[in-house]
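One structure is given here, and the rest of the page talks about it.
Not measured: the values here are computed from a predicted model.
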Amino acid sequence: QVQLVESGGGLVQAGGSLRLSCAASGRTFSNYAMGWFRQAPGKEREFVAAINRRGGGTYYADSVKGRFTISRDNAKNTVYLQMNSLKPEDTAVYSCAAGSYSDYAARYEFWGQGTQVTVSS
């Protein structure tokens, strides 16, 4: 088992920034690729960003490319999502996940509870 706990969410004005963190415990963190997903009210969960096990490979949803950056620190068992130039449409619950390097949610085995991000206009 891998336990994941997100933090860093909150309320921010459009154009602002937030940095989400996801702390992992349990099995070896570096054995897993990590992903961030989000779900807005009334919408399906969508992929945001992923990073491979060593951190040398990343990819992003088109909607966040150029604004969000995913990174990881395997020594701290933590993955981050730096979010800049936030838009109201970024409002959602953001969850981190551990599994295979993919934009497909079913490829991830373990999930955190999520953290709310609200962007006001």
Side-chain angles (χ1 to χ4, degrees):
Q1 289 284 347
V2 176
Q3 291 78 42
L4 302 171
V5 179
E6 301 95 338
S7 61
L11 173 64
V12 64
Q13 288 188 333
S17 298
L18 282 174
R19 188 195 196 201
L20 305 184
S21 299
C22 171
S25 61
R27 292 183 182 177
T28 304
F29 178 68
S30 58
N31 285 348
Y32 297 91
M34 298 296 295
W36 284 96
F37 291 77
R38 67 186 182 186
Q39 188 166 19
K43 295 186 177 181
E44 293 187 354
R45 181 170 53 193
E46 66 172 349
F47 168 75
V48 176
I51 188 166
N52 66 6
R53 290 179 296 172
R54 294 187 177 183
T58 60
Y59 67 106
Y60 301 88
D62 287 343
S63 59
V64 306
K65 201 172 296 182
R67 299 188 298 123
F68 291 10
T69 303
I70 188 171
S71 61
R72 68 188 295 163
D73 185 337
N74 285 347
K76 295 182 178 180
N77 291 349
T78 302
V79 63
Y80 306 96
L81 185 68
Q82 177 66 44
M83 305 185 295
N84 298 329
S85 302
L86 282 162
K87 304 175 181 179
E89 52 263 43
D90 294 319
T91 295
V93 174
Y94 285 71
S95 299
C96 65
S100 299
Y101 189 45
S102 174
D103 59 357
Y104 186 41
R107 297 296 304 276
Y108 291 85
E109 300 175 60
F110 305 104
W111 291 80
Q113 293 296 313
T115 185
Q116 176 70 48
V117 172
T118 303
V119 184
S120 63
S121 57

Heavy-atom check, side chain of Tyr59 versus side chain of Ile70, under 4.5 Å: no
By salt bridge (Lys or Arg N to Asp or Glu O under 4.0 Å) - contacts of Lys43 (at least two apart): none
N/O donor-acceptor pair under 3.5 Å between Tyr108 side chain and Ser102 backbone: yes
Residue pair Gln3 / Val5, side-chain heavy-atom distance below 4.5 Å: no
Closest non-hydrogen atom pair between Trp36 and Ser21, with its separation: CH2-O, 3.8 Å
Side-chain heavy-atom pair Phe37, Val93 within 4.5 angstrom cut-off: no
Spacing of CZ belonging to Arg72 relative to SG belonging to Cys96, to within rounding of 0.5 Å: 11.0 Å
Donor-acceptor contact present, side-chain Tyr101 to main-chain Thr58, <3.5 Å: yes
Closest heavy-atom pair and its distance - Ser95, Gly114: OG-CA, 3.5 Å
Check: Val2 and Phe29 side chains under 4.5 Å, non-hydrogen atoms: no
Student check: side-chain heavy atoms of Leu20 and Val117 closer than 4.5 Å: yes
Residues Lys87 and Asp90 bridged, charged N to O under 4.0 Å: no
Nearest-0.5 Å distance that lies between atom CD in Gln13 and atom CG in Leu11: 8.0 Å
Contact check, side chains of Leu4 and Met34, non-hydrogen atoms, under 4.5 Å: yes
Closest non-hydrogen atom pair, Pro88 against Ser121: CG-CB, 3.9 Å
Close side-chain approach of Tyr80 to Asp73, heavy-atom, < 4.5 Å: yes
Side-chain donor-acceptor contacts of residues 45-55 below 3.5 Å, not counting sequence neighbours, with atom names and distances?
unit_1, atom_1, unit_2, atom_2, d
Glu46, OE2, Arg38, NE, 2.5
Glu46, OE2, Arg38, NH2, 3.0
Asn52, OD1, Gly55, N, 2.8
Asn52, OD1, Gly56, N, 2.9
Asn52, OD1, Gly57, N, 3.1

Any donor-acceptor pair under 3.5 Å from Arg67 side chain to Ser85 backbone: yes
Sub-4.5 Å side-chain heavy-atom contact between Glu6 and Tyr94: no
